[in-house]
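Following: one structure in structure tokens, then a few remarks.
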2 protein chains.
Amino acid sequence: MAKPPFTNDIRTLRFLAGEMTQGDLGDRVGVTRQTIAAIEQGKYSPSLEVAFRIARCFDKPLEAVFQWSDDAD
Amino acid sequence: MAKPPFTNDIRTLRFLAGEMTQGDLGDRVGVTRQTIAAIEQGKYSPSLEVAFRIARCFDKPLEAVFQWSDDAD
DNA sequence: ACTCTATGTCGAATATTTTTAACATTGAGT
DNA sequence: ACTCAATGTTAAAAATATTCGACATAGAGT
């Protein structure tokens, strides 16, 4: 289960969005708090659908939440 | 296996990118041609990593390739 | 010290994506 | 008519994401 080649700003965005907890975000996205925790820590690559839903919770474009960071192509 | 709440322009982008075939794109992305075909037809929601790699093949931001289209939320 | 909430983590179960191999169709070129 | 490349499709297996339940820790407030 290799770590994904991108980083994310979920943790920061949660706090900027008024101390939103992992559980809150999970509820709004429709996944569990464990899933949010794992994605936040880059443990795996979420589905595009979940990624979209997270971005929409913050009213941000996808790429404001997830940033590609692979050196290779 | 519900269809994902977004559309994509992969087919168009392939042709704009010089008649790139599903197989070519699959090779560049690192997945099989069947996977490209399934994503192109909206059969399921790819991983964020695959979505990013596809977008990068076309030098486009993710949201130029995949467009959220859910009425709910 | 106690309690609560938020978070980290883990193992096992379930769901979804991706692969592989195979066969069918269509259109272009010869 | 034949061939070949591109695509559609399908079933089964493999890989990966997600859930669920549980337990641990750290910090804030009382």
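In what follows, chains are A, B, ... by sequence order, proteins preceding strands, each numbered from 1.
The side chain of A:Gln41 sits closest to C:dG8 out of C:dA22, C:dG8, D:dT19.
Here B:Arg14 pairs with B:Glu40 in a salt bridge; the nearest charged N to carboxylate O distance falls below 4.0 Å.
Per the geometry, CD belonging to A:Glu40 stands 9 Å off C1' belonging to C:dT7, to the nearest Å. Between the P atom of D:dA6 and the CE atom of B:Met20 lies a distance of 13 Å, rounded to the nearest Å. When rounded to the nearest whole Å, the span between OH of B:Tyr44 and P of D:dA17 equals 14 Å. Rounded to an integer number of Å, the gap from CD1 of B:Ile36 to P of D:dT9 is 16 Å. In this structure, B:Leu25 atom CG and D:dA6 atom P are separated by 13 Å, rounded to whole Å. Regarding B:Leu48, its CG atom lies at a distance of 18 Å from the P atom of C:dT16, rounded to whole Å. The distance from atom CZ of B:Phe15 to atom P of C:dG27 is 13 Å, rounded to the nearest whole Å. C:dA15 atom P lies 16 Å from atom CD of A:Glu49, rounded to whole Å.
Panel note: side chain B:Gln41, backbone B:Ala37; a donor-acceptor pair is recorded below 3.5 Å. In this structure a side-chain-to-backbone donor-acceptor pair under 3.5 Å is present from A:Glu63 to B:Leu62. The backbone N or O of A:Gly26 lies less than 3.5 Å from no partner atom in the side chain of A:Arg33, so there is not a single donor-acceptor pair.
In terms of position on DNA chain D, the residue among B:Arg33 and A:Thr32 whose nearest nucleotide sits closer to the 5' end is B:Arg33. Place B:Ser47 and B:Gly23 on DNA chain D by their nearest nucleotides, and B:Gly23 ends up nearer the 5' end.
Shortest non-hydrogen contact noted between A:Phe58 and A:Ile10 is CZ-O, 4.2 Å.
In this model, the phosphate group of C:dT16 is not approached by any side-chain N or O of B:Lys43 to a distance below 4.0 Å at OP1 or OP2. For the OP1/OP2 pair of C:dT5 and a distance below 4.0 Å, the side-chain nitrogens and oxygens of A:Gln22 include no atom meeting the criterion. Dashed line: the shortest gap from a side-chain N or O of B:Arg11 to OP1 or OP2 of D:dA6 is not under 4.0 Å.
With hydrogens and angles ignored, a donor-acceptor pair under 3.5 angstrom links the side chain of A:Gln34 to the base of D:dG21.
Residue A:Gly26 is classed as having no contact, given no heavy-atom separation below 4.0 Å to the nucleic acid. When heavy atoms are screened at a 4.0 angstrom cut-off, B:Thr35 is found touching base atoms of the nucleic acid.
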